[in-house]
Peer 1: 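Pasting a structure below so you can have a look.
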There are 2 protein chains.
Amino acid sequence: MITLTEENYIKAIYYLSSNGEKTVNTNAIASAMQTKASSVTDMIKKLSEKNYADYKKYQGVTLTDDGKRVAVNIIRKHRLWEVFLVEKLNFSWDEVHEVAEHLEHIKSDKLIDELDAFLEFPTYDPHGDPIPDKEGNFKHIEKIVLAKAEVGSTYKCVGVDDTSSNFLKYLDSNHIALGTIITVKHKEPFDNSIKIALENSEIVVSQSVAKNLYLKKI
Amino acid sequence: MITLTEENYIKAIYYLSSNGEKTVNTNAIASAMQTKASSVTDMIKKLSEKNYADYKKYQGVTLTDDGKRVAVNIIRKHRLWEVFLVEKLNFSWDEVHEVAEHLEHIKSDKLIDELDAFLEFPTYDPHGDPIPDKEGNFKHIEKIVLAKAEVGSTYKCVGVDDTSSNFLKYLDSNHIALGTIITVKHKEPFDNSIKIALENSEIVVSQSVAKNLYLKKI
DNA sequence: AAATATTTTTAGACTAATCTAAAAATATAT
DNA sequence: ATATATTTTTAGATTAGTCTAAAAATATTT
């Protein structure tokens, strides 16, 4: 049996290692889990004993195939619940995360398979992140970040990096959502801000916004 | 903050005291929770400190108004999730309980209010048990148990007492569901078995079945 | 009403997950 | 390459929930 806490550690390690690095270090996990390094050491020992992680003292940790399977399954559940909350229960995209954090730990294969079917097998969650299928395969989408988009080209908004409530509310108030068509008008070299055209407006967004918005060329 | 375990104890005490008795004794809780009496003593002390229960040593325990409010809210969530599982996710009535036991502990007012609306404010769960509204009010239905029904009268099946998988599967295989019309044909004094007529069949049910099936005269 | 049985509580121990503080290992700087 | 800083681990304690075994209270029997 795997505990809720173990699942959350595995998920954290998965996300930390998917950002490039091969092994994940203790302090990074501690800060992601909002806990102390000593607690992390205890937990990664346990995950290692249970064969969810490979770990050598002072050398950081990686997930085993078993550990990755657990992580992807939790991500699948999290994102399916997010789709449910937005499409069926009128949640906005900045409200879903917290509740999905709890729902993702409910253990029932039938529940998640039926939910998947009920939602008609969605492949992306409300933030544009891909939903892995039952076998754990992600649908890859070629996307670039607004900060690296070409002036003069037109794109479709396909996702966000930062899913914090503040950022999502900012996008809402500027009428940017998944699917929104965006044309890049101008890049300001001084502060890397970018002027973009939407359907009925032109706005200037800061570099921090531009780094967190994913686009696909159309 | 109330823990998952505390919620489960409160629910158990609520059910035990709703079957007539005023105070609930330690052993009854222990057997309902599948734990030991000593663990129960510890927990009811804690519930008492947190003002969810009134407790005097050796005298059993009762829920406070706060405790009852917690219990009814969990029951509301449990039954709404059961409706969701049966109506939207193709669960059968004998499969819902276990998953609902977990879903009932998810804490989000918006989630449960929206779920209620999505299901169009159901008043009964898949076993015929009433779903309390937001204020905790149950819709009362006048029902009798098949064992006490009159020979010759016709009834509608409105609920079950025992919700175990075995009993519900028995009912399924005999084509008895909520809403099924039943006419009582004969009571056998020797073993208290009862012959009933359904739409297309006549069957004899044992006393244990007759004690667990709720009917409403029509 | 005394003896016996049952129920409930207490005392002390265990596990999972956490913490602080100190020690050990590794990394960085001069 | 030695000293310093940082990271990681260990040691020992804490809390929630559980357990066993023994003690205390209550209930039942004769």
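Lettering of chains follows the sequences in order, A, B, ..., and the numbering in each one begins at 1. Note that this is a predicted model, so its numbers are computed, not measured.
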Peer 1: Looking at Asp66(B) and Lys50(B), is any side-chain nitrogen of the basic one under 4.0 Å from a carboxylate oxygen of the acidic one?
Peer 2: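 Answer for the salt bridge query: no.
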Peer 1: Once you round it to whole Å, what is the distance between C1' of dT18(D) and CD of Gln34(B)?
Peer 2: 14 Å
Peer 1: Measure from the side-chain heavy atoms of Thr26(B) and tell me the nearest of dC19(C), dT18(D), dT8(C).
Peer 2: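 When the side chain of Thr26(B) is considered, dT8(C) is the closest of dC19(C), dT18(D), dT8(C).
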Peer 1: Charged N to carboxylate O below 4.0 Å: is that the case for Glu7(A) and Lys107(A)?
Peer 2: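 Salt bridge present between Glu7(A) and Lys107(A).
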Peer 1: With a 4.0 Å cut-off on heavy atoms, is Thr5(B) in touch with a base, just the backbone sugar-phosphate, or nothing at all?
Peer 2: sugar-phosphate
Peer 1: Pick out which of Asp116(B), Asp125(B), Asp133(B) makes a side chain to side chain donor-acceptor pair (under 3.5 Å) with Arg76(B).
Peer 2: Asp116(B)
Peer 1: Mind checking Asn25(B) for me? I need base, sugar-phosphate or nothing, with any heavy atom below 4.0 Å counting as a touch.
Peer 2: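 Sugar-phosphate contact only.
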Peer 1: Walk along nucleotides 20-26 of chain D from 5' to 3' and tag each nucleotide B, S or - by protein heavy-atom contact under 4.0 Å, base first, then sugar-phosphate.
Peer 2: B---BSS
Peer 1: Rounded to whole Å, please give me the gap between CE in Met43(B) and P in dC19(D).
Peer 2: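 Atom-to-atom, Met43(B) to dC19(D), this comes out as 11 Å.
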Peer 1: Just the rounded figure in Å: distance from P of dA16(C) to NZ of Lys50(A).
Peer 2: 8 Å
Peer 1: Taking atom types as modelled, is there a side-chain donor on Asp162(A) or Ser164(A) under 3.5 Å from an acceptor on the other?
Peer 2: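 A pair is found: one side chain offers a donor N or O, the other an acceptor, under 3.5 Å apart.
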Peer 1: Distance check needed: dC19(D) C1' versus Met33(B) CE, whole Å only.
Peer 2: 15 Å
Peer 1: Mind calculating the distance between CG (Asn27(B)) and C1' (dA5(C)) to the nearest angstrom?
Peer 2: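 Taking atom C1' of dA5(C) as the reference, CG of Asn27(B) is at 13 Å.
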Peer 1: Anything under 30° is parallel, anything over 60° is perpendicular, the rest tilted; go ahead and classify Phe84(B) against Phe84(A).
Peer 2: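 Geometry flag for Phe84(A) against Phe84(B): tilted rings.
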Peer 1: Can you tell me the distance, in whole Å, between the CG atom of Leu4(B) and the P atom of dT18(D)?
Peer 2: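 Answer to the nearest Å: 10 Å.
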Peer 1: How long is the line joining CG of Asn8(B) and P of dA16(D), in whole Å?
Peer 2: 17 Å
Peer 1: Can you measure Lys45(A) atom NZ to dA11(D) atom P for me and round it to whole angstrom units?
Peer 2: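 About 8 Å, once rounded to whole Å.
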Peer 1: Against Leu213(A), only a single residue in Val205(A), Val145(A), Ile182(A) fulfils side chain to side chain contact (heavy atoms under 4.5 Å, CB included); can you say which?
Peer 2: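 Only one of Val205(A), Val145(A), Ile182(A) forms a side chain to side chain contact (heavy atoms under 4.5 Å, CB included) with Leu213(A), namely Ile182(A).
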Peer 1: Tell me whether the side-chain N/O atoms of Tyr9(B) come closer than 4.0 Å to OP1 or OP2 in dA16(D).
Peer 2: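 Negative; the distance criterion is not met.
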Peer 1: When you check the gap from the basic side-chain N to the acidic O, do Lys134(B) and Asp113(B) get nearer than 4.0 Å?
Peer 2: yes
